[in-house]
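Presented below is the structure to which this report refers.
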Protein chains: 2
Amino acid sequence: MTATTLHRPTHRDALYLLEEAFGDGRMVTLFGRCTVDYDGRATSSLGPGDRLVVCKPDGTILVHTDEKRKPVNWQPPGCTHRASVRDGHLRVRSERSTPTERLDVAFERIDQVTAYEVTDRSDLRLQGSEEDLRRRILDDPALVEEGFVPQATERETAAGPVDVFGEDAAGRPVVVELKRRRVGPSAAGQLQRYVEAVDEEFPDEGVRGVLVAPSVTDRARELLAERGLSFVAVEPVADEGDDESGDGDSVAKAEGDGGDDGADAGRDDGPDAGDDAADESDDAADDTAE
Amino acid sequence: MTATTLHRPTHRDALYLLEEAFGDGRMVTLFGRCTVDYDGRATSSLGPGDRLVVCKPDGTILVHTDEKRKPVNWQPPGCTHRASVRDGHLRVRSERSTPTERLDVAFERIDQVTAYEVTDRSDLRLQGSEEDLRRRILDDPALVEEGFVPQATERETAAGPVDVFGEDAAGRPVVVELKRRRVGPSAAGQLQRYVEAVDEEFPDEGVRGVLVAPSVTDRARELLAERGLSFVAVEPVADEGDDESGDGDSVAKAEGDGGDDGADAGRDDGPDAGDDAADESDDAADDTAE
DNA sequence: GCCTAGGTCCCGTTC
DNA sequence: GAACGGGGCCTAGGC
């Protein structure tokens, strides 16, 4: 029995199921009319309404309305769930310390309670992260600029860890900040912080800073320019067009618009819209619902 | 009927319920063994496992495992949900454009499907935000420093909008950056950005920068010091100890350790642990479950 | 435990 | 629509 459900249960019956489920590590959903109160890092209260509440065995609790991706209220993992009946309400309380915070969900009506046995061993595999961009740069440092030689990643400075630290063709220190997506002013400021910190380590060596990302906003570009920092446009994963066959030694083969290299190669991005058209066609479905 | 549930449905029966629910704006949960594939701003794939899937009428979809607050996969509001049966699987697809991205959940086994009618008009009321801190500062500018006169909020600069802009007792421009919680290096960098931008607007006027937050990390404090910026410790909501009875004209009554005012009042925070002890006692419960 | 930064961040607001 | 910054951000990785 992987899913145990009660329809329109009494508060007491719902309580018994919650007792069991919290005890043996099952995940629980409740749906009904409730109010929610939170006190901790901030304080909030939510009047009555129909919501879906999810309690996870790791101590997470989520309160979802019919809108938005974020729960209207929640508690992160590590909390302790407790349920009780009082004042004619089923109350689910989730608490933790460090920081001290508490979430109370009080149901005046419960439409459904379900306890699920969950078995999930699969790990998510994800591509397109900053980590992928880092690997791409280390595989082919010329993507940053001709002659760039990486020397360290996550190199510590007084202002924090630098993504990629190295030397340019002239032997000057180079600070590289990587972003998986289009960057704004904060990334420019971050790079500036690191460059200033490294500059104090290597006085009079002319430390340089390069922001590597798919694209950059106008204001961020201006901030970079004012501070003598560079931008280079690189996607976290290679575009499908160019074959990245080589084993890391391939140097800037088909850079397209071979413009001025070195400092400023930023062009607007744009999703390119070239969606792979070779997916399964929808008309082949047995049945379809929208 | 606010909740319609199918237990161990056939793919086709589940499909019909999804059809109806997507059509009339109901929220849906599915639980069963599925794989998940995502392609859009990044790309991911997740092997088979038991998960809870939530489809909201606003186009949100969430895939939750038994751990963590964040869904392992998701699609934000604005997407279009479609369901179909093919290859012996029930597939729920959620798509959108700008950016183009698609999420596919393929169930090999469905333990339960439920459609909910949701009515929720209540708005969350939350206290302790940066907005609250801003109001507090505007009510009592002396919390920043004696003689501070706020002149504008969200004042635009070349580097972005400044939280509070004003003058100090000597008539010098002051840039104030507010944070509702303990600040790190990025906040120091943000303040520096703004101060530099304002400095170009008012050359030779000695523009000052003040970071206002509950507390500050050591490294951020160093960064501020190196750049001649100040930190002032203020909580987003007044502590329960001091009575903030006055109507905005109260000036720094009981600041506790009346140390050196003006520049650096940073001490470590600590939640103070003084939880209100006047809540309902647990032993008065009708019934309790942990 | 705190610190630091990334994220398919989400989200509201403004332009 | 893009951009910019807040968030009870969450989460991972170091120390």
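So that the names make sense, note that chain A is the first sequence line, chain B the second, and so on, each numbered from 1.
Interface remark: the B/Glu130 side chain does not form any donor-acceptor pair with the D/dG6 base, using a distance-only criterion of under 3.5 Å.
Using a 4.0 Å heavy-atom cutoff across all strands shown, A/Thr98 reaches sugar-phosphate atoms only and no base atom. Within the nucleic acid shown, B/Gly40 has no heavy atom closer than 4.0 Å to any nucleic acid atom. Among the heavy atoms of the strands lying under 4.0 Å from B/Arg181 is at least one base atom, whether or not backbone atoms are also near. Here A/Ala159 lies in heavy-atom contact (under 4.0 Å) with sugar-phosphate atoms only. Contact annotation for B/Glu177: backbone-only contact, meaning every heavy-atom pair under 4.0 Å involves sugar-phosphate atoms and none involves a base.
Applying the 4.0 Å criterion to OP1 and OP2 of C/dC11, one finds that A/Arg69 has every side-chain N and O outside that range. The side chain of B/Ser186 places no N or O atom within less than 4.0 Å of a non-bridging phosphate oxygen (OP1 or OP2) of C/dA5. Phosphate contact (OP1/OP2 of C/dC11, side-chain N/O of A/Lys70, threshold under 4.0 Å): absent.
Atom pair A/Tyr38:OH and D/dG7:C1' shows a separation of 11 Å (rounding to whole Å applied). Atom CH2 of A/Trp74 and atom C1' of C/dC10 are 11 Å apart (whole Å). At whole-Å resolution of the value, CD in B/Glu131 and P in C/dC11 are 20 Å apart. C/dG12 atom P lies 17 Å from atom CD of B/Glu154, rounded to whole Å. For A/Leu124 and C/dT8, the CG to P distance is 9 Å, given to the nearest whole Å.
A salt bridge does not link B/Lys56 with A/Glu67: every distance from a Lys NZ or Arg NE/NH1/NH2 to an Asp or Glu carboxylate oxygen is 4.0 Å or more. Between A/Glu131 and A/Arg134 there is a salt bridge, since at least one side-chain N of the basic residue sits less than 4.0 Å from a carboxylate O of the acidic one.
Position along DNA chain C of the nearest nucleotide to A/Leu126 versus A/Ser97 favours A/Ser97 as the more 5'-ward residue. Residues A/Val72 and A/Pro77 each lie close to DNA chain D; by heavy-atom proximity, the contact nearer the 5' end of the strand is made by A/Val72. Toward the 5′ end of DNA chain C lies the nearest nucleotide of A/Asp163, the other residue of the pair A/Asp163 and B/Thr60 mapping further downstream.
Taking every heavy atom of residues 188-197 of chain A and every atom of DNA chain C, pairs under 4.0 Å involve A/Gln190, A/Arg193, A/Tyr194, by number.
Between the side chain of B/Arg180 and the backbone N or O of A/Arg41 there is at least one donor-acceptor pair closer than 3.5 Å.
Using the Watson-Crick or G-U wobble rule with both distances under 3.5 Å, D/dG8 pairs with nothing in any strand shown.
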Give every pair of a protein N or O atom and an N or O atom of nucleotides 12-14 of chain D that lie under 3.5 Å apart, one pair per line with the distance.
| residue | atom | partner | partner atom | Å |
| --- | --- | --- | --- | --- |
| D/dA12 | OP1 | B/Lys68 | NZ | 3.3 |

